[in-house]
Amino acid sequence: MPQWSASGIVPDDDFAGAPLLRREFELEPGHGPVARAVLFATAHGVFEAFVNGVPVSTDVLSPGWSSYQWRLRYCEWDVTQLLTPTSVLGLALGNGWYRGRLTWLGARALYGSELGAFAQLEITFADGHRQLVVTDRSWSAEPSAVLTNDLYDGQTIDARRACEDWHRPGFESAEWTTVHETEFDTALLTPYVGPPVRRIMELPVVRSWTSPAGKTLVDFGQNLVGWLRIQVTGGRGDQIVVRHAEVLEHDELGIRPLRTAAATDRFILSGGQDVFEPTLTFHGFRYAEIDGWPGEFDPTGVTAVVVSSELRRIGEFSCSDDLLNQLHANAVWATRGNFLDVPTDCPQRDERLGWTGDIAAYAPSAAYLFDVEGFLRDWLLDLTAEQRAADGLVAFVIPDALKLAGGSGNFPPTETTAIWSDAAVWVPWALWQAYGDLGVLSDQFDSMAAHVRRVESLLSPTGLWDTGFQFGDWLDPTAPPDDPVAAKADNGVVATACLYRSASLVAEAARLLGRDEQDHFDRLARRTRQAFHDHYVSADGSITSDAVTCYALAIAFGLLDDPVRQLAGDRLATLVAEGGHHIQTGFAGTPFVTDALTMTGHLGTAYRLLRQTECPSWLYPVTMGATTIWERWDSMLPDGTINPGQMTSFNHYALGAVIDWMHRTIGGLAPREPGYSRVLIAPQPGGGVTWATASLESRHGRLAVSWVEQDGVVTATLDIPAGVEAVVRLPGRDDLIIGAGHHELCSAG
Ligand code: BGC
């Protein structure tokens with residue numbers, strides 16, 4: 001971290017929330033060429049930085065969204081090649097999360113009312129001399145071509161106002177104003193732990209047409225997150241209006257799910273050739289309505305720019321069932337779309353918050369698809385900071401925008417809730433399993449322990465966690481559209497099971513770290529297990545409320561021993577079959593139901609549940625043309641209308657958590673030791689799937705499994721990297737231990 005000499009600056013005129021800040025300077029002479037120049041910068045708001053008109057990086061929406069009261073990340077960019085003897089350092093600001101709209105409660109400016117910037121350019125010359133250029137009162141501010149900008153509502157750009165010259169040395173403008181210094185607490189400044197947000201892909205229009213209402217609509221063939229880049233030539237002052245939506249309804253844009261997010265960009269043409277890119281907003285969309293195009297609409301002038309945290313893809317999966325492959329692809333896209341600096345619930349409506357329960361359910365899946373270690377460790381630092389200030393409470397959303405917005409709206413006041421607050425334990429645990437760095441557990445241990453201790457303080461005298469508000473098995477498919485919390489699974493069963501899992505994981509983390517708290521959490525886990533049995537489990541294996549989710553959690557979390565465990569597994573399989581192999585779980589049960597079936601000998605039932613295509617099921621959305629995971633099992637109803645619930649996103653990853661089971665059970669690739677230093681290769685063919693492949697760029701190198709079943713014989717081809725040992729379990733054969741190399745093995749035929 002540099003020694004900070006900069007001051008925070010705020011333009012005297014706010015210029016509609018998109019000011020440009022500018023400082024011209026001379027390189028100090030007599031010291032030879034510049035050896036290295038590094039720009040450190042951050043903002044209250046979001047910003048882009050330029051040296052002599054050249055963007056210093058491809059990052060967008062910097063410095064992203066963190067819990068700004070405790071952590072404000074700064075960017076660090078090498079700008080050595082961009083400097084000239086007289087140079088201009090420019091910063092373009094926008095409202096972002098800091099001052100834009102946040103939450104569905106109509107709040108804005110949750111972190112402050114003023115946009116500001118903080119930058120320090122450190123130039124080192126060949127002779128070792130150092131020159132600093134910092135934000136201070138010597139800077140000037142001016143308006144940009146951006147007239148409005150908001151993450152939810154969109155952006156207006158007036159190309160008539162665009163002025164390239166503001167980057168040039170010697171440029172003067174009557175519109176300039178001065179800036180004043182503001183308090184920027186340098187103690188909050190911290191480097192990024194996770195990756196920056198960038199443009200990661202571009203997609204062309206695959207279809208354009210005129211809707212019944214006479215609107216020009218375009219389809220990108222993929223529900224995505226980002227914005228449109230538009231190249232157009234038209235009359236000066238002409239205006240193009242772009243609205244975005246994830247789905248069509250009645251052949252027009254289906255914008256009701258966006259609720260109050262306007263998701264509308266406006267582009268005012270200069271009269272010459274224009275290129276518009278609204279980089280101070282983002283939208284979740286597959287379709288766009290483009291109004292006001294001058295002359296005949298030209299779809300080649302429209303490109304969808306996909307924006308996400310830059311995550312390295314590390315895990316792949318495919319199999320003989322194309323519907324399952326599409327389900328998997330949908331999860332990949334849901335991850336891209338919702339890993340935009342913060343792991344969000346959804347990317348399109350007036351929400352886009354770091355809902356803790358969603359990532360608690362999905363972290364193992366995400367950690368296989370992409371390298372999300374830095375991304376989620378960064379977010380966990382916010383979780384820890386928020387939790388520390390809230391007496392161990394892990395809030396519904398991190399960063400806790402709800403607290404700042406003055407409440408939790410339609411939900412009861414924030415208190416520790418199962419699954420959601422368990423993110424404090426389950427997310428670090430998923431990272432430890434996926435990447436094998438004990439550092440995540442040691443860094444997070446106090447947060448993990450504080451969460452479980454807080455739960456402990458909420459227990460009934462029985463030792464059950466059966467009072468207080470719970471989201472529980474949120475979005476159980478039988479819950480009415482306007483009451484997503486009305487699940488079949490008893491909240492006490494769900495919450496107490498989650499406490500058992502969290503207490504056990506914290507005890508295990510304490511053991512791994514050699515901490516004396518191990519005893520405490522071991523005892524708590526044992527007591528919780530006993531209470532769970534005493535109150536919820538019968539000798540015949542039935543569990544209170546007799547709901548699929550209750551059995552799934554009890555089995556998958558290890559709350560039961562045989563013979564009760566087997567009886568419970570049999571009851572689970574019966575319930576799934578009685579339900580016609582339709583899904584019967586919400587956020588709580590969905591990640592675990594296929595595992596619980598598999599663990600108790602009901603692999604065939606797990607496959608039938610997974611391969612069901614009727615509503616509700618994992619594949620129903622796929623048959624409806626989904627290209628991302630939906631929030632609800634029936635976000636779109638079979639008749640093509642949008643679910644009447646006011647909370648209906650088409651890009652929500654939580655219910656996609658079954659891909660983790662697909663990787664391990666169909667693909668057959670699972671860590672046997674955290675980080676895949678030892679790996680379990682145990683494909684379990686079934687359900688008519690005749691081949692599958694799974695591969696992973698693990699911390700130890702590339703692991704790959706591919707198997708094919710023919711005439712009852714499974715032939716598997718494996719690639720194991722140096723230093724990794726694999727336990728191979730093929731149908732009908734004893735475990736085999738193999739080392740590095742390329743192997744071909746057969747099951748017993
Ligand atoms: C979000 C969910 C979240 C939930 C709380 C919704 O509005 O979109 O994904 O977890 O609220 O249960």
Side-chain angles (χ1 to χ4, degrees), residues 101-107 152 223 225 246 256-261 284 331 334-335 337-340 342-363 365-366 379 383 393-403 405 407-424 426-427 468-477 479-487 489 491 494-495 498 549 585-591 621 628-635 642-657:
R101 220 141 70 75
L102 266 187
T103 78
W104 68 96
L105 305 169
Y152 291 176
N223 195 22
V225 174
E246 299 184 289
R256 183 172 54 81
L258 306 180
R259 301 194 302 218
T260 69
T335 313
N338 282 296
F339 276 52
L340 200 161
V342 163
T344 54
D345 57 334
C346 60
Q348 73 299 80
R349 66 179 179 227
D350 53 359
E351 197 156 356
R352 315 184 195 185
L353 303 175
W355 278 97
T356 44
D358 304 47
I359 191 61
Y362 193 68
S365 301
W379 180 77
L383 181 146
L393 164 67
V394 177
F396 297 166
V397 297
I398 302 291
D400 193 357
L402 290 176
K403 170 186 72 189
S408 34
N410 33 336
F411 299 118
T414 310
E415 179 47 279
T416 297
T417 52
I419 304 162
W420 275 252
S421 306
D422 285 314
W426 298 7
V427 173
F469 170 74
Q470 294 289 352
F471 292 110
D473 199 21
W474 180 256
L475 283 171
D476 174 319
D482 59 352
D483 194 10
V485 87
N491 277 344
V494 170
C498 290
T549 288
T585 49
F587 272 35
T590 296
T628 35
I629 302 291
W630 293 351
E631 176 170 29
R632 295 173 180 271
W633 294 112
D634 56 353
S635 282
I642 297 168
N643 187 300
Q646 54 84 35
M647 190 195 75
T648 301
S649 131
F650 292 85
N651 200 353
H652 239 77
Y653 48 60
L655 299 180

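Reckoned from all heavy atoms, side chains included, excluding hydrogens, waters and symmetry mates. Atoms within a ligand are numbered from 1 in the order they appear, just like the ligands themselves.
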> Under 3.5 Å, side chain of Ser421 to main-chain N/O of Val394, donor-acceptor pair present?
Replying inline: yes

> Which ligand 1 atoms are under 4.0 Å away from a heavy-atom of Phe587?
Replying inline: 9 (O), 10 (O)

> Using 30° and 60° as the class limits, which term best fits the ring planes of Trp355 and Trp104: parallel, tilted or perpendicular?
Replying inline: parallel

>> Closer than 4.0 Å to some heavy atom of His652 - which atoms of ligand 1 meet that?
In response: 1 (C), 2 (C), 8 (O), 9 (O)

> Among protein heavy atoms, which lies nearest atom 7 (O) of ligand 1, and at what distance?
Replying inline: Glu351 OE2, 2.6 Å

>> If the contact criterion is a heavy-atom separation under 4.0 Å, does Trp104 count as touching ligand 1?
In response: no

> Nearest non-hydrogen atom to atom 4 (C) of ligand 1 belongs to which of Phe396, Tyr653, Trp474?
Replying inline: Trp474

>> Which of the numbered atoms in ligand 1 are under 4.0 angstrom from any heavy atom belonging to Trp420?
In response: 5 (C), 10 (O), 12 (O)

>> Any heavy atom of Arg352 closer to ligand 1 than 4.0 angstrom?
In response: no

>> Counting only heavy atoms, tell me which of Val485, Asp345, Thr417 gets closest to atom 8 (O) of ligand 1.
In response: Asp345

>> Here's a test for you: under side-chain contact (heavy atoms from CB on, under 4.5 Å), which of Val427, Leu655, Thr335 qualifies with Tyr362?
In response: Thr335

> Can you list the atoms of ligand 1 that are under 4.0 Å from a heavy atom of Glu631?
Replying inline: 8 (O)

>> If I take atom CG from residue Asp358 and atom CD1 from residue Ile419, how far apart are they, to the nearest 0.5 angstrom?
In response: 10.5 Å

>> Could you work out, for atom 9 (O) of ligand 1, the closest of Thr356, Ile419, Asp358, Asn338 by heavy-atom distance?
In response: Asp358

> Is the backbone N or O of Glu351 less than 3.5 Å from a side-chain atom of Tyr152, with the two atoms forming a donor-acceptor pair by type?
Replying inline: yes

> Quick one: CG on Leu475 to CH2 on Trp630, what's the gap to the nearest 0.5 Å?
Replying inline: 14.0 Å

>> Using a 4.0 Å cutoff against the non-hydrogen atoms of Arg349, which atoms of ligand 1 qualify?
In response: 1 (C), 6 (C), 7 (O), 8 (O)

> How about Trp474 and Phe411: are their ring centres within less than 6.0 Å of each other?
Replying inline: yes

> Looking at atom 5 (C) of ligand 1, what's its closest protein heavy atom, distance included?
Replying inline: Trp355 CZ3, 3.3 Å

> How long is the span from the CG atom in Asp345 to the CG atom in Leu353, to the nearest 0.5 Å?
Replying inline: 5.5 Å

> Which atoms from ligand 1 have a heavy atom of Phe471 less than 4.0 Å away?
Replying inline: 5 (C), 12 (O)

> Is there side-chain contact between Phe650 and Pro621, with heavy atoms separated by less than 4.5 Å?
Replying inline: no

